[in-house]
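Below: the structure, in structure tokens.
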Amino acid sequence: MNTRRTFLVSSAAAAVQPPARKPNVLVILADDLGSADLGYSGCRDIPTPNLDRLRGQGVRFANSYVSHPFCSPTRAGLLTGRYQQRFGHENNPQYGVGEGLPLSETLLPALLKPAGYTSALIGKWHLGDASHFHPNARGFDEFYGFLGGGHQYFPLEPPRIDAAKEYFVPLTRNREPVPQLEYMTQDLSREAAKFIARRRRDPFFLYLAYNAPHTPMQAPPEYLARFASISNERRRHYAAMVSALDDGVGAVLKSLQENGLDNDTLVFFLSDNGGPAQANSSSNLPLRNGKGSLYEGGIRTPMTARWTGRIKPGATFDAPVSSLDIAATTLALAGAPPAKDRPLDGVDLLPFLTGARSGSPHERLFWRTGGGTHHALREANWKLVLHQDSEPELYDLAQDPAEKNDIALSNLPRVRELRARLQEWNSQLAKPAWQGLSAIRKP
Ligand code: CA
């Protein structure tokens with residue numbers, strides 16, 4: 001008997017009583033959050049009671065990855081369910097120059113629409129700021145937030161109207177500028193809670209993409225006061241930003257509960273990449289490196305999922321999963337097919353979580369940055385890392401999760417085999433559609 005069968009909560013009831021309505025899906029994405037900076041991931045100096053409770057009510061993915069070690073490409077993968085390098089989305093788009101997620105791809109909210117879903121993005125887009133790349137043009141019925149890669153956290157007085165200043169543009173509701181009312185994290189949380197209340201009667205997909213705790217390091221005094229004992233000023237600001245994020249998640253989950261939607265909503269929480277320790281004082285320890293790197297600290301995220309009554313509370317799922325799986329899972333729940341000629345790389349996770357399927361959702365996972373200057377592959381517990389003009393590195397993550405001991409030389413046949421798999425995947429990819437500003441260096 002496979003132990004994953006223990007995830008099943010009420011198979012008999014589920015078999016005879018199909019859900020009265022299609023489930024909602026809420027994806028909560030943090031930005032540049034360190035994998036070690038939550039209570040449930042071992043953090044000691046930043047309490048995160050709401051995210052800890054969410055984890056306790058659902059499943060923790062012990063080996064969960066994002067499809068890229070930085071912002072925009074991960075989001076492109078998340079909303080397509082496809083390796084973003086297949087369509088050239090391998091770098092962050094520059095603001096104001098017409099770069100964005102290629103229109104050849106149909107995004108999750110557009111695919112959900114025929115299945116009766118209303119979709120909203122609240123927060124950070126970062127998939128192109130030109131009119132034809134706007135969230136409303138890609139399937140989101142509602143949008144509240146900003147189009148670039150980051151934003152100032154406090155309302156701008158007087159409001160700035162310089163549209164070329166990515167971090168200073170006014171927030172918009174759909175395409176109309178609106179005043180920001182509160183600290184950004186609170187602003188986005190309030191909007192998400194209101195969306196849930198407004199749309200409670202029909203199935204929705206809510207993509208809540210916080211910019212916290214991405215730079216700039218800005219936090220309200222009342223949150224900074226919670227962390228007076230942290231002497232490092234940057235870490236204190238970071239802690240305050242994470243604490244506000246945790247409170248925001250608490251407010252959004254409270255809205256779900258108050259509107260009677262806990263049993264009708266699958267909730268995912270994750271970060272878009274590992275923490276950049278120097279930029280925001282985040283921590284990914286004991287994982288190696290962080291944002292921008294294909295070592296575990298750059299791509300591993302403390303992802304959780306909750307679906308009350310369907311996923312066993314407190315469960316841990318050990319097999320590797322990907323942020324690409326969120327779109328596949330959502331489409332399957334909604335009964336919505338993927339786009340023709342655009343096969344998904346993600347896998348529907350729910351059967352694995354309920355025990356309907358056993359084994360590992362993925363035989364292997366792949367990464368590529370810099371148009372091929374860096375590659376990585378994970379297969380079972382093996383991790384191959386390949387930097388251009390360097391010998392391949394091999395790690396056994398079961399024994400060495402911090403990737404300290406390169407064992408390639410004593411496993412050359414395996415290295416050759418994994419490298420061939422990587423090359424096969426690489427041959428399917430497009431060249432980057434644009435060059436990014438993010439210089440990814442060999443760590
Ligand atoms: Ca990010």
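When a ligand or atom number is given, it counts from 1 through the structure's own listing order.
Results of the side chain to side chain contact (heavy atoms under 4.5 Å, CB included) test with Phe140 over Thr118, Leu79, Asn174, Ile122 single out Leu79 as the only residue that passes. The only member of Glu90, Gln84, His374, His375 that meets side-chain hydrogen bond (donor to acceptor under 3.5 Å, both in side chains) when paired with Arg368 is Glu90.
Checked against side chain to side chain contact (heavy atoms under 4.5 Å, CB included), Ala327 has the following partners two or more places apart in sequence or in another chain: Leu108.
Side-chain rings of Phe204 and Tyr117 stay apart, their centers remaining 6.0 Å or farther from each other.
The pair Glu191-Arg173 meets the salt-bridge criterion, since a charged nitrogen lies less than 4.0 angstrom from a carboxylate oxygen. Salt-bridge check for Arg55 with Asp52: failed, with every basic side-chain N at 4.0 Å or more from each acidic carboxylate O.
Protein N/O/S atoms found under 3.0 Å from the Ca ion (ligand 1), listed by chain and residue number: Asp31 OD1, Asp32 OD1, Cys71 SG, Asp272 OD1, Asp272 OD2, Asn273 OD1.
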